[in-house]
Amino acid sequence: MKLPASTKIIPGLLLGGGLLALLLGYFFLAHQYRLESAMLAEQHLSNLEVAYQGAIETHRFSTITSLRATVLRPEVLELLAAALETPEGEMSPLRGRLYRLLLPEYQQLRTNGLDIFLFHLADDRVLLRFHRPYKAGDRLFDLRPSLRIANSELRPVSGLETGRSHHGFRYVYPLAVNERHLGSVEYAMPFDFVHQQLLGLLGPGDYLFLLRADDVRAKVDREQQERFATATLHPEFLLENPSLAVVSRRFRHSELAEQLSAGLRRNAEVQRRMAAGETFALPFFHDGRSYVASMLAVQDIARQPAAYIIGFNEAPVLKAMLRAKIRDGLAAALGIILLTCVLWRLMSQRDLLRREIVVRRQSERDKALLLRRQENSYREYRRLYEVMAHHLQEPARRVTIYAQMLRQQAGKQLWLQDLRAGQALDFIEREASRLKTLLNNIQQYLHVEAASPDSGAISGRREIEQVCRDLQAADGAGGLQITTGYLPDLPLTSANTRLLFSTILHNAVTHADPERPVLIRIAGEREGRLVCYRIADNGPGIAPHYREKVFDLFARLDTARPGTGLGLAIARRLVEKHGGEIRLADSDLGGLAVIFELPFPDET
């Protein structure tokens, strides 16, 4: 006996389909993990950027307070005005008076992390460096854009800037009296104090400050360049020489930071993006632990990329996310394998039936056997659909739990620090809830499809009134009004009556006009064997050319409102299963009316 060609092709198709489903599942979970890990990395980067800006702004306010309370005093401005008229050879007495006058202020500034306190005259002469009072009179406009801009454009200037011997975050303010420009005052702090602020705001972590090598070599004095060493992370950046930094700063880079930097040195994407001066974050693993590297690009006074603040933070949730995706992938793979095996078995059974039909086509016994096998196959298909709808509830529940876990970990800070991340979390929770509702409706539809028509069942007023009470209780003080007229019995079980009316009424409430209270009227009549019900509302209604479309599976005219598109499909399938008809019409309340008719059995 020669079998059809499809007998040989279909098993291959099943195997290929199973392999394709496994491959698609892998790519989907990998894509989801990349998205979630990228969101986590962006959160760490946002935290670093907010903490850095907070540290800079805090010290800026300190400089403004010092400027207004101390520097702008008349006696200080008088000394600057006198210095502007004094030759450099006669400047020492004025510098001494200014130094003694403002020394207490400088000592207080140092306790706040502002190590540099410098006065510069309008004619491009350094009047006094409090951190190096013995060095003065030199000119800095050509080397220091911040001083040139503040004294030429007469506006405050702040930002990162590299000098001959110091690099740091500078705040320069022009000084004038009676509309006469005298010069400027400069405050500056090294990265040490920014590092302390970051630890205080963000907690434990490793933070590096890297300067562009070409900028340092162009500006820093040659004898000072030995204080810098090439950064392990990127060859185009320098950091303070660890062997010399012990005496000049209050922290040292940890061995872990060096190991992580060495690992990222081999990452081509990190090297390319740092060379381009981009701000970015990268999740990665090292020695079995998960980390996030936040690369915050810092611009100088001229708005050019000049440095990086690097944050290395351990992120255990990243490892938990990976484990969850692996677990979900294994579960999905097992499900696909089982489904493929079941389908293979079903196809094998179908082939067996074909053989038996060909061999015993004339035998009534064979026809009965074929019928039984077909019924078994139908039951297995139906059971397969029910099991699939039931077991898909578990991934939906996991998505909801994971979203709630993210909300518990991030809390309100997620909305404050990253609006897009907060909106994404709300979207996950909302769509997970919609998925659960969708699966419940699918199970209801499958149950209606599989169930036999109700034979001899009677129900009516009690079930309808109970559905109305439940719906009004769920609405609370929303103003839902349901009125009923004559409610004849229906040839349905109590469960099917509740399902039919709850589906129709819930659909009316969901799509009601939000600008006015919801009004629903239910009335029925019976003529002989036929019972007819009319459920009318005052909602926005449905255009006549869409009234048949809304009974299709998953049909939704307004996707902005909640819903699954299965409500009216369930109602129609239930009514038609019992030999009735259902349709939509205009309502005398101004909205839509759902009308259905059901026949009673002959003996009723």
Side-chain angles (χ1 to χ4, degrees), residues 56-190 193 300-303:
I56 297 301
E57 287 300 305
T58 298
H59 285 82
R60 187 175 70 85
F61 289 136
S62 298
T63 63
I64 293 175
T65 301
S66 172
L67 176 71
R68 293 174 177 175
T70 305
V71 176
L72 295 181
R73 289 185 299 177
E75 57 267 37
V76 176
L77 297 178
E78 289 174 4
L79 285 174
L80 264 70
L84 193 59
E85 303 296 336
T86 303
E88 184 61 31
E90 303 174 10
M91 192 72 76
S92 296
L94 289 175
R95 288 193 176 104
R97 290 172 56 189
L98 183 61
Y99 184 84
R100 290 188 295 273
L101 182 61
L102 296 181
L103 180 59
E105 177 66 14
Y106 176 60
Q107 292 172 342
Q108 179 62 38
L109 290 172
R110 292 194 65 183
T111 62
N112 294 331
L114 297 166
D115 284 0
I116 295 179
F117 189 34
L118 181 147
F119 285 84
H120 197 275
L121 295 176
D123 59 4
D124 194 16
R125 284 185 296 161
V126 174
L127 175 59
L128 180 61
R129 291 180 174 92
F130 277 79
H131 62 290
R132 288 185 178 179
Y134 53 85
K135 185 177 182 180
D138 51 324
R139 301 179 181 277
L140 297 177
F141 279 0
D142 293 337
L143 179 67
R144 299 276 308 285
S146 61
L147 290 174
R148 184 179 65 254
I149 294 172
N151 284 276
S152 61
E153 301 180 13
L154 302 184
R155 63 178 177 87
V157 179
S158 63
L160 174 67
E161 190 175 64
T162 302
R164 287 177 179 155
S165 60
H166 289 80
H167 61 273
F169 302 88
R170 304 179 189 272
Y171 309 85
V172 185
Y173 301 94
L175 300 175
V177 61
N178 297 326
E179 298 185 356
R180 180 190 179 193
H181 177 50
L182 303 178
S184 61
V185 61
E186 175 187 332
Y187 304 82
M189 65 175 176
F193 293 94
D300 60 13
I301 300 295
R303 297 290 182 262

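We count residues from 1, following the sequence as given.
Results of the side chain to side chain contact (heavy atoms under 4.5 Å, CB included) test with Phe117 over Leu128, Thr63, Leu109 single out Leu109 as the only residue that passes.
Among residue pairs with one or both ends in residues 74-108, those qualifying as ring-ring contact (aromatic ring centres under 6.0 Å, His included) are Tyr99-Phe130, Tyr106-Phe130; sequence neighbours excluded. Annotation: ring-ring contact (aromatic ring centres under 6.0 Å, His included) contacts involving residues 134-161, sequence neighbours excluded, comprise His120-Phe141.
Tyr171 and Phe169 have their aromatic ring centers separated by at least 6.0 angstrom.
Here the closest non-hydrogen pair linking Leu160 and Gly168 is CD1-O, 3.3 Å. Contact detail for Pro190 and Gly113: the closest heavy-atom pair is CD-O, 3.7 Å. Taking every heavy atom of both residues into account, Ala136 and Val126 meet most closely at CB-O, 3.6 Å. Nearest heavy atom pair, residue Val172 against residue Ala150, reads CG1-CB, 3.6 Å.
Taken to the nearest 0.5 Å, the CD atom of Glu186 stands 8.5 Å off from the CG atom of Leu140. Rounding to the nearest 0.5 Å gives a distance of 11.0 Å between CG of Leu147 and CG of Asp142.
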Can you give the donor-acceptor pairs under 3.5 Å from side chains of residues 85-93 to other protein atoms, not counting sequence neighbours?
residue : atom : partner : partner atom : Å
Glu85   : OE2  : Arg180  : NH2          : 2.3
Thr86   : OG1  : Ala82   : O            : 2.6
Glu88   : OE1  : Arg95   : NH2          : 3.4
Glu88   : OE1  : Arg125  : NH1          : 3.3
Glu88   : OE2  : Arg95   : NH1          : 3.0
Glu88   : OE2  : Arg95   : NH2          : 2.7

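Of the possible donor and acceptor atoms, one in the side chain of His181 sits under 3.5 Å from a partner among the backbone N and O of Leu175. Remark: side-chain polar atoms of Asp300 are not paired, donor with acceptor, to backbone N or O of Gly159 under 3.5 angstrom. Listed for the Arg110 side chain is no donor-acceptor partner under 3.5 Å among the backbone atoms of Ile116.
With respect to Glu153 and Arg148, no salt bridge is recorded, no charged nitrogen being found less than 4.0 Å from a carboxylate O. Classification of Arg129 and Asp138 as a salt-bridged pair holds, one side-chain N sitting under 4.0 Å from a carboxylate O.
Side-chain atoms of Arg170 and Met189, non-hydrogen and from C-beta on, never get closer than 4.5 Å to each other. Within the 4.5 Å cutoff, the side chain of Leu67 has heavy atoms near those of the Val185 side chain. Proximity of Leu121 to Leu182: side-chain heavy atoms (C-beta onward) are nowhere separated by under 4.5 Å.
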Run the numbers on Glu105 and Ser66 for side-chain hydrogen bond (donor to acceptor under 3.5 Å, both in side chains), then give the verdict.
-> CA-CA 8 Å; Glu105 177 66 14; Ser66 172; 2.6 Å; yes

Let me see the working for His131 and Asp115 under side-chain contact (heavy atoms from CB on, under 4.5 Å), right down to the final yes or no.
-> CA-CA 7 Å; His131 62 290; Asp115 284 0; over 6 Å; no

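For Ser184, the side-chain hydrogen bond (donor to acceptor under 3.5 Å, both in side chains) partners two or more places apart in sequence, or in a different chain, are Asn151. Shown here are the side chain to side chain contact (heavy atoms under 4.5 Å, CB included) partners of Arg73, two or more places apart in sequence or in another chain: Thr70, Glu75, Val76, Leu101, Leu102. Legend: residues meeting side chain to side chain contact (heavy atoms under 4.5 Å, CB included) with Gln108, ordered by chain and number and at least two apart, are Thr111, Asn112.
Atom CZ of Arg97 has 12 or fewer neighbouring heavy atoms from other residues, nucleotides or ligands inside a 6.0 Å radius.
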